[in-house]
Every structure is written in structure tokens, then in C-alpha cells.
Amino acid sequence: MKPNSSVPSCGALAIFVKTPELSPVKTRLAASVGHEKAIQFYEYALAATAALARELKNKIPNVQVYWAVAEPEGQGAKRWASFPIVSQGAGDLGARLAFVYERLLESHSYVCFMGADSPHLEIGDLSKGVRLTKKNLQKRFVMGETLDGGFYFFGGSLSVPSSAWQDVEYSTSRTAFQLTQKLIEFGEVDLIGENFDIDTIDDLIRLAEISHLSAAYLPGAA
């Protein structure tokens with residue numbers, strides 16, 4: 001499948017988020033640090049991700065950043081005022097990824113995904129993924145894998161059937177591998193450097209080793 005040559009030569013970066021007032025967030029982390037600290041961490045991660053996205057726009061001006069918001073009733077929340085909003089649609093994660101990807105491809109030459117789970121992500125890593133996606137419009141996808149088998153970044157310009165997204169087991173050690181196997185039916189997959197998301201207490205401890213800000217969210221911290 002070929003990219004849509006009729007759309008403008010600008011890209012989209014969709015940041016997948018939940019509205020804390022409406023949906024549980026960081027549930028696995030909350031089991032260890034408590035609900036309140038998990039929400040505090042998510043707020044910190046959202047702010048860090050928004051700052052990273054603004055820096056990206058300064059480096060690559062023809063990229064439009066979107067909040068991909070999970071809840072229909074959350075799309076008017078003031079907290080999402082910094083970027084335009086795109087709905088995640090309905091269904092499981094695979095269905096929502098497919099929905100956002102195809103919807104944004106209608107008006108952008110390429111589409112990139114990230115979550116708000118890696119507040120430590122460097123601008124160089126993000127811009128590398130976006131630039132590589134932009135460079136390889138004709139035949140490639142780009143993926144940044146996480147240490148636990150998931151992915152923190154995806155980029156592409158080739159249309160992909162919804163079934164390819166939905167035939168993947170998410171939140172497992174095989175997520176990135178399974179998605180890659182689906183994508184190579186339609187184009188090559190280039191990998192950028194591995195990183196990690198903050199899903200568990202072990203991830204948060206790893207983050208605390210490289211960022212003094214995260215220590216406040218550990219159990220026992222004041």
C-alpha cells in the first residue's frame with residue numbers, strides 16, 4: 001500500500017492519553033505507590049511530554065502535535081488545550097491505534113505515535129524517529145521498542161488494515177515483535193534505540209536513577 005500523495009507534506013504526532021479525572025491511570029504503578037502518587041506522577045509525565053512535543057515542533061515545524069484522548073467526554077477538558085485533540089475512537093487498544101492512524105493519514109503525509117509514559121525521553125530520540133518516518137514515506141515504518149517488549153514510538157505513512165493492529169497482544173513482552181510481524185506485510189520496519197516506559201515500581205526506580213524529580217513519587221517519599 002502506498003502513502004496518500006494528495007495530502008500536504010506535513011506530519012502528525014499523536015500522544016495517546018487518558019483524562020485522570022475520568023479514567024484510571026497508571027494502575028500497575030498505583031498498586032505499588034498508591035493511587036494519589038500514581039496520579040501525581042502521571043501529571044508530571046504529561047507536563048514533561050507536552051514540553052518535549054513543543055521542543056519537537058521547534059525543531060521540525062511542519063509536524064502537528066495532537067492529544068489523542070481516550071474519553072469522548074474528556075476531549076473538552078482544559079488540560080488538553082495546548083494541542084489540538086483527536087479522538088481515540090472506541091474498542092480495544094488495537095482498534096484505537098488503527099482509528100487514529102487512518103484518520104490522521106487522511107490529512108497528513110505521515111503519522112507518529114507516542115504515549116505519555118516516558119517523561120525522560122530525549123528530544124534527540126523523538127526527533128530521530130520523526131525525521132526517519134518523514135524520510136522513508138514510500139516503503140518503511142519506524143518503531144522504538146521498550147525494554148519490556150512494547151513500543152514507545154511508532155511512525156508510518158503506509159495505510160495498514162485495522163486487523164493488523166488488532167491481531168496484536170498489547171501490554172505483553174511480545175507486543176513489538178507481533179506488531180512488527182504484521183507491519184512487514186506492508187513495508188519494511190526500521191528500529192530506533194530502545195527505551196522504557198514507566199508502568200511499574202521497577203520502572204519508576206530506574207527513572208529515579210536518572211532523574212531527581214521522579215524520587216518524589218517513590219513509596220515513602222515526602
Side-chain angles (χ1 to χ4, degrees), residues 13-59 65-71 74 77-80 82-83 88 93 97 112-130 132 142-155 169-177 179 191-222:
L13 172 65
I15 306 171
F16 279 69
V17 293
K18 294 181 179 179
T19 308
E21 296 84 2
L22 299 173
S23 298
V25 296
K26 312 310 301 176
T27 53
R28 283 188 286 168
L29 182 62
S32 299
V33 304
H35 181 68
E36 182 177 348
K37 283 194 174 183
I39 290 180
Q40 290 174 351
F41 171 77
Y42 191 64
E43 296 280 7
Y44 157 66
L46 287 175
T49 303
L52 182 67
R54 287 191 290 270
E55 190 173 357
L56 178 75
K57 283 180 63 67
N58 290 334
K59 286 183 171 292
V65 178
Y66 295 87
W67 293 119
V69 180
E71 312 86 0
K78 291 182 179 179
R79 67 166 56 250
W80 309 129
S82 52
F83 304 119
Q88 289 186 22
L93 180 55
L97 290 169
C112 301
F113 290 161
M114 66 179 294
D117 305 307
S118 302
H120 56 289
L121 192 63
E122 300 284 345
I123 183 60
D125 295 324
L126 180 58
S127 60
K128 178 181 179 180
V130 173
L132 192 56
V142 179
M143 188 180 299
E145 298 182 352
T146 55
L147 298 176
D148 62 1
F151 61 95
Y152 68 91
F153 178 88
F154 167 83
E169 298 173 280
Y170 292 94
S171 301
T172 77
S173 61
R174 291 175 54 82
T175 297
F177 172 78
L179 182 56
L191 298 179
I192 56 176
E194 278 191 327
N195 214 300
F196 65 98
D197 289 338
I198 312 302
D199 294 320
T200 68
I201 184 62
D202 290 338
D203 298 327
L204 192 58
I205 292 171
R206 183 182 292 116
L207 179 59
E209 295 174 352
I210 62 175
S211 171
H212 69 281
L213 293 174
S214 65
Y217 308 105
L218 292 169

Item to check | Asn195/His120 under side chain to side chain contact (heavy atoms under 4.5 Å, CB included): CA gap, chis, key distance, verdict | outcome: CA-CA 9 Å; Asn195 214 300; His120 56 289; 2.7 Å; yes
Item to check | Worked check of side chain to side chain contact (heavy atoms under 4.5 Å, CB included) between Lys26 and Val33 | outcome: CA-CA 10 Å; Lys26 312 310 301 176; Val33 304; over 6 Å; no
Next on the checklist: Set out, in order, the CA-CA distance, both residues' side-chain angles and the distance that settles side chain to side chain contact (heavy atoms under 4.5 Å, CB included) for Lys59 and Val130, then state yes or no.
Outcome noted: CA-CA 11 Å; Lys59 286 183 171 292; Val130 173; over 6 Å; no
Item to check | Stepwise side chain to side chain contact (heavy atoms under 4.5 Å, CB included) check, Phe151 with Thr175 | outcome: CA-CA 8 Å; Phe151 61 95; Thr175 297; 4.1 Å; yes
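Thr49 contributes no side-chain N or O that, together with a main-chain N or O of Asp117, makes up a donor-acceptor pair within less than 3.5 Å. Without hydrogens or angle criteria, Glu71 side chain to Leu22 main chain gives no donor-acceptor distance under 3.5 Å. Using modelled atom types, one side-chain atom of Ser127 and one backbone atom of Gly124 make a donor-acceptor pair closer than 3.5 Å. Proximity of a side-chain donor or acceptor of Gln88 to a complementary backbone N or O of Val17 within less than 3.5 Å is detected.
For Thr200, the side chain to side chain contact (heavy atoms under 4.5 Å, CB included) criterion is met by Arg28, Asp202, Asp203, not counting sequence neighbours. Residues passing the side chain to side chain contact (heavy atoms under 4.5 Å, CB included) test with Ala48 are Pro119, sequence neighbours excluded.
Note: Ile198 CD1 to Thr146 OG1 = 10.5 Å, rounded to the nearest 0.5 Å. Atoms OG1 and NZ, on Thr27 and Lys18 in that order, are 6.5 Å from each other to the nearest 0.5 Å. Taking CG from Leu29 and CD1 from Ile39, the interatomic distance works out to 11.0 Å, rounded to the nearest 0.5 Å. Note that CZ of Arg54 and CG of Asn58 are 9.5 Å apart. Values are rounded to the nearest 0.5 Å. Separation of atoms OG1 (Thr19) and CH2 (Trp80) is listed at 5.0 Å; rounding is to 0.5 Å. Phe154 contributes atom CZ, which lies 12.5 Å from atom CG of Leu13 (distance to the nearest 0.5 angstrom).
Using a 4.5 Å heavy-atom cutoff, the side chains of Phe41 and Leu207 are in contact. Contact of the Asp125 side chain with the Ile192 side chain is not registered, since no non-hydrogen atoms from C-beta on lie closer than 4.5 Å. For the pair Ile205/Ile201, a side-chain contact is recorded, criterion being any heavy-atom separation below 4.5 Å from C-beta on. A heavy-atom distance below 4.5 Å is found between the side chains of Leu121 and Met114.
Counting heavy-atom neighbours within 6.0 Å of Glu21 CD, excluding the residue itself, gives a total above 12. Crowding of Lys57 atom NZ: a count of heavy atoms from other residues, nucleotides or ligands under 6.0 Å exceeding 12.
Closest non-hydrogen pair, Glu194 versus Tyr152, comes out as C-CE2, 4.1 Å. Taking each heavy atom of Pro20 and Tyr42 in turn, the nearest pair found is CG-CD2, 3.7 Å.
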